[in-house]
Amino acid sequence: QVQLVESGGGSVQAGGSLRLSCAAFGYGYYITCMGWFRQAPGKEREGVASVAPDGSTRYAESVKGRFTISKDNPKNTLYLQMNSLKPEDTATYYCAASPGMGGSCNRFPPAPMQYWGKGTLVTISS
């Protein structure tokens, strides 16, 4: 069973930066498609970014040019570098992963995602 553990959330002012990390434990080498999602209070969960087995990435329009997703395969760790943060980026951010051939990353937001972390809270003040 794969376990995903997010870290790096916190509170920053608008314009600031944060880097989220997601460590995969268990059968991490089976993970192919990985992604970040977020859910703001009172809103539905939305896809933020994804990275496919070939390294290709996709982003939500609202974060393009500001967020960068990356993956360190030897460390089984996923990252989300978030720059130029805005108050509307405030949300709980979740890491998710899918095993197999990476088909989940053929769409955006990536789906289906089998494994989910518990989330890390990001709060941006104006």
Side-chain angles (χ1 to χ4, degrees):
Q1 183 71 18
V2 175
Q3 182 182 10
L4 304 177
V5 180
E6 303 98 335
S7 61
S11 298
V12 298
Q13 290 189 328
S17 298
L18 282 173
R19 188 176 82 154
L20 306 183
S21 299
C22 171
F25 300 94
Y27 296 97
Y29 51 87
Y30 287 148
I31 292 176
T32 55
C33 176
M34 297 193 75
W36 288 97
F37 293 74
R38 67 186 181 186
Q39 187 167 20
K43 295 187 177 181
E44 292 188 355
R45 186 176 63 196
E46 62 175 351
V48 175
S50 66
V51 56
D54 64 359
S56 59
T57 58
R58 296 188 182 189
Y59 296 92
E61 286 296 326
S62 59
V63 306
K64 279 184 179 178
R66 300 189 298 123
F67 290 11
T68 303
I69 188 172
S70 60
K71 188 168 64 170
D72 186 329
N73 287 321
K75 294 184 178 180
N76 283 334
T77 302
L78 182 72
Y79 301 100
L80 185 68
Q81 178 67 44
M82 306 186 295
N83 298 328
S84 302
L85 284 161
K86 304 175 181 180
E88 51 264 44
D89 294 319
T90 294
T92 298
Y93 284 71
Y94 298 91
C95 170
S98 175
M101 299 301 292
S104 296
C105 273
N106 289 336
R107 60 188 66 85
F108 191 85
M113 303 300 270
Q114 183 171 344
Y115 305 111
W116 292 84
K118 294 183 178 181
T120 185
L121 180 62
V122 171
T123 303
I124 310 302
S125 58
S126 57

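Because only heavy atoms are used, hydrogens play no part in the values below, and waters and symmetry mates are left out as well, while side chains stay in.
Applying the side-chain hydrogen bond (donor to acceptor under 3.5 Å, both in side chains) criterion to K43, with sequence neighbours excluded, gives no partner residue. Partners of S70 under the side-chain hydrogen bond (donor to acceptor under 3.5 Å, both in side chains) rule, at least two apart in sequence or in another chain, do not exist in this structure.
Between W116 and Y94, the ring planes are perpendicular. Angles over 60° get that label, and only those under 30° would be called parallel.
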task: In sequence, state the C-alpha distance, the side-chain angles, and the governing distance for S104 and M113, and then conclude on side-chain contact (heavy atoms from CB on, under 4.5 Å).
output: CA-CA 7 Å; S104 296; M113 303 300 270; 4.0 Å; yes
* To do: Dump the intermediate steps for side-chain contact (heavy atoms from CB on, under 4.5 Å) on R66 and Y59, then the final yes or no.
  => CA-CA 10 Å; R66 300 189 298 123; Y59 296 92; over 6 Å; no
Verify side-chain contact (heavy atoms from CB on, under 4.5 Å) between T68 and L80, making sure each step is shown before the conclusion. CA-CA 6 Å; T68 303; L80 185 68; over 6 Å; no
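Contact check on R38 versus E46 returns a salt bridge, with a Lys/Arg side-chain nitrogen under 4.0 Å from an Asp/Glu carboxylate oxygen.
Among all heavy-atom pairs drawn from L4 and C95, the shortest one is CD1-O, 3.7 Å. Taking both residues in full, the closest heavy atoms of V48 and Y93 are given as CG2-CE2, 4.3 Å, listed atom of the first, atom of the second, then distance. Between A60 and G47, the shortest heavy-atom contact is CB-O, 3.4 Å. Closest non-hydrogen pair, M34 versus K71, comes out as SD-CD, 3.7 Å. The nearest pair of heavy atoms linking P110 to F37 is O-CZ, 3.6 Å.
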